[in-house]
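Everything below concerns the one structure shown next.
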Number of protein chains: 2
Amino acid sequence: MPSPPRPPRATAARKSAASKPALSRERVIEAALAEIDERGVAAFNLRNLAERLAVYPTAVYWHVPNKTAILAEVVAVVFRDVAPQQRKNDDWRSYLRRLFQRYRESARRHPNVAPLVAAHLVGNLRIDFDFVEGVLAALSAAGLAGARLVAGYNAVVAALIGFVIQEFSPLPEADTEQWQSAVQQRLLGVDPAAHPVLAANLPLLANKAFILRWQNGSEAPLDDSYASFVEQVLAGLESLRE
Amino acid sequence: MPSPPRPPRATAARKSAASKPALSRERVIEAALAEIDERGVAAFNLRNLAERLAVYPTAVYWHVPNKTAILAEVVAVVFRDVAPQQRKNDDWRSYLRRLFQRYRESARRHPNVAPLVAAHLVGNLRIDFDFVEGVLAALSAAGLAGARLVAGYNAVVAALIGFVIQEFSPLPEADTEQWQSAVQQRLLGVDPAAHPVLAANLPLLANKAFILRWQNGSEAPLDDSYASFVEQVLAGLESLRE
DNA sequence: GCAGCAAATTGTACGATGTACAACGACACT
DNA sequence: AGTGTCGTTGTACATCGTACAATTTGCTGC
């Protein structure tokens, strides 16, 4: 006796079928983001999404071609408007600082989306010309041109995602409890003979450095490191100016 | 009439059951890597893996707890031994240069693994103390200590993955044909009024800059940009030395 | 040699998930 | 009223991860 396919939430009085559509591409994406925020990407699936929207699973497909398209859109939404406004008398450095800040804040607002960024980013920031132009303009104002401009641009984009992805990507899920102490244990077991610098700096590094952490960026943000990172990137670009 | 569950490849004379195990954790991981190299992560599944190993799907579970563990191991294998050897009279710069070089080469050998790196890297490079110590020792030799050491370390790790992940992550799958020309089309349609710097530098950037590419790093490597990137990172670290 | 045990694999089965596809209702315009 | 299109319901299925029981095989102590 297979239970009926779990009718949509009977509560909310939905608009009747065709008058004003209950769904829309935007509502779907929005709900998907909410779903991911609550449950994480791994647990995200179309049936839960549909339930949240109070429709049957396949209704979603009217507005969206498939699941990966939804994920791509979600990423796009999260990072929409990362590109800062140009300000008059804007220094290229301060523009880039703001860009880095905004990017990280977008990620921090939706940490569960972070792992998607890597997978989708190539085609993502979906050819956001404003974003690209913003970076290029800043670098151009810094005096970069030609091959150096390209190299600077790629460096900025690489840096932008490299830090943030790692900071906010979820740690080995679920059994956090046990895993956390396992990591701490391993750290305590460092052999000062084999790994002297690490051993000597353990207290400084523990939970504050990639790979040596047991908490996520949303629980234990790496504010200082990020601030320093941004300055390092700027210094790197500076060195490109010849 | 459900077809029988597709018996394992009848060919290869497997070792009999318990004498010398046909499988082993290593063989599983190795086969998984091969599978991913050929088909990509998205298409990777346990049944194909089992078929390649000429066993029934669930036999794999004797050696490995679950799929994600396999993926984690695969990443670990690919980046095993990234940490370069220390050389006598080793300059910290040349050590880091080698590290960056080796990391990228590992990724280039298995580009399909790239998207996994982000997802798993946090717990990945599975507390490879040799890797960590290598970076720390180099930075320490550069004169960094305390908070600056931490910041430098995090910057290196962030930079390491930021560029490479993006360079090699697969572009919007499948319909490459159509997608590629779509991207090119959009690029040609840039409005010089709205995005002047981009428009002016289009030929330089097209297919050679993140977001503005239509080919993967394995097809169109960003060698020059990466070389520059590494030098920028070093300059950034330099700036940390006060 | 043989009983029994453990290791490793075969086979079966099930629930979750993405998605195709065929109704079907509701409004919009004739 | 008739008809077509939009948006949704409802059904159905193939794929996949994995639990679990049955079975085979070699190894060990007797």
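So that the names make sense, note that chain A is the first sequence line, chain B the second, and so on, each numbered from 1.
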Item to check | Charged N-O contact under 4.0 Å between A:Arg108 and A:Asp223 | outcome: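 Counted as a salt bridge, because a side-chain N and a carboxylate O are separated by less than 4.0 Å.
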Which whole-number value in Å describes the distance from [X] [atom1] to [N] [atom2]?
{"X": "A:His63", "N": "D:dC6", "atom1": "NE2", "atom2": "C1'", "answer": "9 Å"}
{"X": "A:Tyr56", "N": "C:dG25", "atom1": "OH", "atom2": "C1'", "answer": "14 Å"}
{"X": "B:Glu51", "N": "D:dT15", "atom1": "CD", "atom2": "C1'", "answer": "14 Å"}
{"X": "B:Arg39", "N": "D:dT15", "atom1": "CZ", "atom2": "P", "answer": "13 Å"}
{"X": "A:Leu23", "N": "D:dG7", "atom1": "CG", "atom2": "C1'", "answer": "9 Å"}
{"X": "A:Arg25", "N": "D:dC6", "atom1": "CZ", "atom2": "P", "answer": "17 Å"}
{"X": "A:Ile70", "N": "C:dT17", "atom1": "CD1", "atom2": "P", "answer": "14 Å"}
{"X": "B:Leu53", "N": "C:dA8", "atom1": "CG", "atom2": "P", "answer": "15 Å"}

Next on the checklist: Would you say that A:His110 contacts A:Val74 through its side chain, given a criterion of any heavy-atom pair below 4.5 Å between the two side chains?
Outcome noted: no
Next on the checklist: Under 6.0 Å from the ring centre and within 45 degrees of the ring axis: does the NZ or CZ of B:Arg104 meet both conditions for the six-membered ring of B:Tyr226?
Outcome noted: yes
Checklist entry - Could A:Arg186 and B:Phe129 be counted as a cation-pi pair, given that NZ or CZ must be under 6.0 Å from the ring centre and within 45° of the axis? => result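 Checked: cation-pi criterion met.
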Could you go through nucleotides 16-18 of chain D and list every protein N or O atom that sits under 3.5 Å from one of its N or O atoms, giving the distance for each pair?
unit_1, atom_1, unit_2, atom_2, d
D:dC16, OP1, B:Asn45, ND2, 3.2
D:dG17, OP1, B:Lys67, NZ, 2.6
D:dG17, OP2, B:Leu46, N, 2.8
D:dG17, N7, B:Arg47, NH2, 2.6
D:dG17, O6, B:Arg47, NH2, 2.6
D:dT18, OP2, B:Tyr61, OH, 2.7
D:dT18, OP2, B:Lys67, N, 2.9
D:dT18, O5', B:Tyr61, OH, 3.1

Checklist outcome for this item: Output for pair (B:Asn216 CG, B:Glu167 CD), nearest 0.5 Å, gives 8.5 Å
Item to check | Atom CG of B:Asn66: over 12 foreign heavy atoms under 6.0 Å | outcome: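 Check passes, neighbour count above 12.
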